[in-house]
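Working notes, structure below.
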Amino acid sequence: MPELPEVETIRRELVPWVVGQRFVGVDVLDLTLLGAVSAEEFSRALLDRRVESLERRGKYLIFHLGGKALVMHFRMTGALLLNPEQNERYVRAVFHLSSGARLAFVDRRRLGVAWMEGADALSLKLGPEPLDDAFTAAVLMNSLKAHHIPIKAALLDQTVVAGIGNMYADEALFAAGIHPLRMADSLSDTEAQVLFESVRRVLLTAIGSKGASVDTYIRPSGQRGNAQSCFKVAHRRGEPCPTCGTIIERVPVRSRGTCFCPRCQQC
DNA sequence: CTTGGGACCTGGCTGC
DNA sequence: TGCAGCCAGGTCCCAA
C-alpha cells in the first residue's frame, strides 16, 4: 500500500520527468477517479498548466501548477506509471505531458482519487510531517496525551502524524517495543521519545529502500521497492521474531490487521 | 467534542 | 474441480 515512503519514492522518481512540463492532454477512462467532477471540468482546470513543483504531504502527491494544484491519493492499490505498456491493465487515467511522456494512474481496486484545487489553501486535513523538523518528540507526546485510543490507532490517525499506514505503524511500534493496544495517553515521556525516534528511523529506512512492494505497489519505472525485506513484523504473522524468536501474532486493532511480537511488545 | 464501525473496491485465497 | 464468500486497508461518513 502506498504510505509515506512509497509516495515519497514516487515523488522523487517523477520530479525529473514532470517539473517544468505542461499537461497537454488527459484521457479519463474511469470517471470515479474524479469523484463528482466531470472529465470536461477536470481537463479544463488542468490542461496547459505547467508543473512548478511536485510535493508530498502525508500520503498525498501534489502537482503545483501555479495557482492551482493537481492532488492525488493512491489509497490501497493506486500507482503512477511512466510511459506504460499499451496493454497495461487497470489504467484509470492517462496524463500527457508536453515532453511527450505519458503518466498512467493505474489502480486495481479503484479506490484512489484525483482532483484539482487552489494551491494556496489545500483542503487536506493532516497533522505534522514526521520527517520535518517541526515534528518533535514533544509534539508527538502532546498529541498522544489528547487521545484515549490504542497507540496503533493513534499512529494511523493522519491528524496526529501524516503519512503512516498499517505497515509502518506496526514496524514503528515493534522498533519501540510498545504493544499496539497500549492507550496512546498512557505512554510515558520516555516511551513517546523512543516511539518518535522509531517512527522516523522506520520511515527513512523504507525511503532508502524505495518503498515496500508487498502487494501492488510499484514505482513509476515499473520496478519494485525493497523495503519489505527489512520488515521485522509487518506481514510476518507466524514467523519468528527476529529479536527473540517468539512467533509473531496478528490481532485486529480497530478492524486493522496488526502484527506484533507478544514478547518484545508487552502491554 | 470523542470514538467506533461500516462502506467503498476487486483479486486472491480459503473451505466446502 | 468449482465456486461462494471472506479478507486486505485508507479515508469518508454517520451513529452513539
Side-chain angles (χ1 to χ4, degrees), chain A residues 1-11 28-37 56-62 71-80 87-93 105-115 117 122-127 129-130 142-173 180-187 199 202-203 206 211-218 225 227-228 231 233-238 248-260:
Chain A
M1 331 302 158
E3 303 180 21
L4 186 152
E6 287 74 31
V7 181
E8 178 62 20
T9 300
I10 293 169
R11 189 194 71 79
V28 182
L29 311 178
D30 177 4
L31 275 173
T32 63
L33 176 70
L34 307 179
V37 176
R56 178 195 55 72
R57 270 289 278 136
K59 303 168 193 171
Y60 294 84
L61 187 66
I62 303 160
V71 187
M72 295 179 177
H73 194 294
F74 303 109
R75 296 279 173 88
M76 311 300 302
T77 57
L80 281 176
N87 60 353
E88 189 67 45
R89 298 179 73 188
Y90 312 117
V91 177
R92 302 181 68 199
F105 193 117
V106 296
D107 187 6
R108 196 180 72 188
R109 281 164 63 185
R110 302 174 61 210
L111 290 166
V113 288
W115 72 92
E117 66 176 282
L122 289 176
S123 61
L124 310 177
K125 293 192 258 320
L126 295 174
E129 281 295 321
N142 286 337
S143 188
L144 295 183
K145 285 218 181 300
H147 289 272
H148 190 65
I149 57 176
I151 184 62
K152 168 70 183 284
L155 288 178
L156 294 179
D157 183 338
Q158 301 299 296
T159 67
V160 170
V161 53
I164 299 174
N166 209 38
M167 297 183 300
Y168 296 110
D170 285 359
E171 286 299 305
L173 287 170
L181 287 172
R182 277 282 302 281
M183 283 292 138
D185 56 3
S186 78
L187 263 61
V199 162
V202 160
L203 294 175
S213 288
V214 288
D215 192 6
T216 60
Y217 164 71
I218 199 158
Q228 68 279 6
F231 284 172
V233 291
H235 297 281
R236 295 198 184 278
R237 166 176 49 175
I248 293 164
E249 293 182 7
R250 190 168 183 278
V251 295
V253 177
R254 294 273 215 98
S255 72
R256 290 288 169 260
T258 300
C259 297
F260 73 107

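- E171(A) places a side-chain N or O within donor-acceptor distance of the main-chain N or O of V233(A), the cut-off being under 3.5 Å.
- For the residue pair L4(A) and A162(A), the shortest heavy atom distance occurs at CD1-O, 3.7 Å.
- Remark: side-chain polar atoms of D170(A) are paired, donor with acceptor, to backbone N or O of C259(A) under 3.5 angstrom.
- Minimum interatomic distance between Y217(A) and A212(A) (heavy atoms only, all atoms of both residues): CD2-O, 3.4 Å.
- We find the CD1-CD distance between I62(A) and E117(A) to be 8.0 Å, quoted to the nearest 0.5 Å.
- Of all heavy-atom pairs between L203(A) and P130(A), the closest is CD1-CG, 3.6 Å.
- Separating the CZ atom of R108(A) from the P atom of dG10(C) is a distance of 15 Å, rounded to the nearest angstrom.
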Per-nucleotide protein contact string for nucleotides 11-16 of chain C, where B marks a base within reach and S marks sugar-phosphate only (heavy atoms under 4.0 Å, - for neither): BS----
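- In terms of heavy atoms, R110(A) sits closest to T77(A) at N-OG1, 4.3 Å.
- Once you apply a 4.0 Å limit to the heavy atoms of chain A, the touched nucleotides of DNA chain B run 5' to 3' over dT3(B) to dG11(B).
- In this structure, CG in L61(A) is found 9.5 Å from CD in E8(A), a value given to the nearest 0.5 Å.
- In this structure, the CG atom of D215(A) is 11 Å from the P atom of dG10(C), given to the nearest Å.
- Considering all non-hydrogen atoms of both residues, V160(A) and A154(A) come closest at CB-O, 3.5 Å.
- Residue R250(A) is in sugar-phosphate contact alone, with no base atom involved, counting any heavy-atom pair closer than 4.0 Å across all strands shown.
- Ranked by how close their nearest DNA chain B nucleotide is to the 5' end, R109(A) and M183(A) are led by M183(A).
- Nearest heavy atom pair, residue R56(A) against residue E129(A), reads NH1-OE1, 2.9 Å.
- At distances below 3.5 Å, at least one donor-acceptor pair connects side-chain atoms of Q228(A) with backbone N or O atoms of S213(A).
- Listed in residue order, the members of residues 165-172 of chain A having a heavy atom less than 4.0 Å from DNA chain C are G165(A), N166(A).
- Heavy-atom distances to DNA chain B give each of Y90(A) and I149(A) a nearest nucleotide, and the one nearer the 5′ end belongs to I149(A).
- When rounded to the nearest whole Å, the span between NZ of K152(A) and C1' of dG10(C) equals 12 Å.
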